[in-house]
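Here's the structure we're looking at; comments come further down.
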Amino acid sequence: MAELLRSFAGPGRLDWIGLRPARLAPLVSVDRAEITAEGLTGDHGRSGKRAVTLIQAEHLPVIAALSGADWITAADLRRNLVISGINLAALREVDLRIGEVRLRITGPCAPCSRMETLMGPGGYTAMRGHGGWCCTVVDGGGISPGDAVRPES
């Protein structure tokens, strides 16, 4: 079973980076970001287990469908990084490499009550199980959209 859990069809990809310059401020899309032990430079987020937030690109249309919205973006959901092509749930408590950076998924990024305001009634429950992941920073460095996302052995 352990071998099966370490098997992936291929690397994922970093599709998008968003920074939250201040609490409740709209996310700003960037083409490159630096990550330190405290998190993304220019992001107001917390250090520690919630230093960086990820969301699976493939879950965005699911959240939209479950909430009755036409479309939802990672910026709407206030997640820092959008990852596609690799199952992030399978990487929990595993180090993953994105560009120069090594992160460790620490747990789910639970939705907040603001999702009801954004998506209307049911927005919060639409995100349950699809809201993304929180990470701690193992090794900092630079990242850019297009970077491969791989589990680190």
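Values below: every heavy atom of this structure, side chains too, minus hydrogens, waters and symmetry copies. One-based numbering along the sequence shown.
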Using the side chain to side chain contact (heavy atoms under 4.5 Å, CB included) definition, which of the options Leu88, Val101, Ile98 pairs with Leu81?
Ile98
Identify the heavy atoms of Ile17 and Ala33 that sit nearest to each other, and give their distance.
CG2-CB, 3.9 Å
Between the side chain of Gln56 and the main-chain N/O of Ile86, is any donor-acceptor distance below 3.5 Å?
yes
Just by distance, do the side chain of Glu152 and the backbone of Arg97 share a donor-acceptor pair under 3.5 Å?
no
Let me check something: do Val30 and Leu27 share a hydrophobic cluster, defined by ILVMFWY side-chain heavy atoms less than 4.5 Å apart, either directly or through other members?
no
Kindly compute the distance separating OG1 (Thr136) from NZ (Lys49), expressed to the nearest 0.5 Å.
8.5 Å
Does any non-hydrogen side-chain atom of Met119 lie less than 4.5 Å from one of Asp76?
no
If the condition is side chain to side chain contact (heavy atoms under 4.5 Å, CB included), which residues does Ala148 pass it with, not counting sequence neighbours?
Pro11, Arg150
Should Leu14 and Val82 be marked as a side-chain contact (heavy atoms from CB on, under 4.5 Å) after you check the CA-CA gap, both sets of side-chain angles, and the distance that decides it?
CA-CA 6 Å; Leu14 174 60; Val82 176; 5.9 Å; no
Does Arg102 have any salt bridge (charged side-chain N to carboxylate O under 4.0 Å, His left out) partners at least two apart in sequence or in another chain, and if so, which?
Asp95, Asp139
Side-chain donor or acceptor of Glu38 paired with backbone N/O of Ser47 under 3.5 Å:
no
Count I, L, V, M, F, W, Y as connected when their side-chain heavy atoms are under 4.5 Å apart, and connections chain through other members. Are Tyr124 and Leu118 then in the same cluster?
no
Using side-chain contact (heavy atoms from CB on, under 4.5 Å), reason through Leu54 and Val149 one step at a time and then give a plain yes or no.
CA-CA 12 Å; Leu54 313 176; Val149 178; over 6 Å; no
Is the backbone of Gly85 close enough, under 3.5 Å, to the side chain of Glu58 for a donor and an acceptor to pair up by distance?
yes
So does Arg92 have more than 12 non-hydrogen atoms from other groups sitting under 6.0 Å from CZ?
yes
dist Leu66:CG -> Met127:CE (nearest 0.5 Å) comes out at 11.0 Å
For Thr125, the side-chain hydrogen bond (donor to acceptor under 3.5 Å, both in side chains) test, sequence neighbours excluded, returns none
Atom pair CD1 (Ile143) and CD1 (Ile35), whose distance is rounded to the nearest 0.5 Å
4.0 Å
Under a single-linkage definition using a 4.5 Å side-chain heavy-atom cutoff for Ile, Leu, Val, Met, Phe, Trp and Tyr, are Leu19 and Leu77 assigned to the same hydrophobic cluster?
no
How about CZ on Arg32, more than 12 heavy atoms from neighbouring residues, nucleotides or ligands closer than 6.0 Å, or not?
yes
Ignoring hydrogens and angles, tell me if any N or O in the side chain of Glu116 forms a donor-acceptor pair with the backbone of Gly122 under 3.5 Å.
yes
Full working for side-chain contact (heavy atoms from CB on, under 4.5 Å) between Thr36 and Thr41:
CA-CA 7 Å; Thr36 67; Thr41 302; 3.9 Å; yes
Give a yes or no on whether Leu60 and Trp133 share a hydrophobic cluster (residues Ile, Leu, Val, Met, Phe, Trp, Tyr; joining criterion: side-chain heavy atoms under 4.5 Å apart).
no
Regarding Asp147 and Ser144, is there a side-chain donor-to-acceptor distance under 3.5 Å anywhere?
no
Is the backbone N or O of Thr53 less than 3.5 Å from a side-chain atom of Asn80, with the two atoms forming a donor-acceptor pair by type?
yes
For Ile63, which of Arg128, His130, Met115 qualifies under side chain to side chain contact (heavy atoms under 4.5 Å, CB included)?
His130
With the 4.5 Å side-chain cut-off for hydrophobic clustering, are Leu40 and Val28 part of the same group?
yes
Out of Arg104, Arg79, Arg50, which one pairs with Cys134 under the side chain to side chain contact (heavy atoms under 4.5 Å, CB included) rule?
Arg50
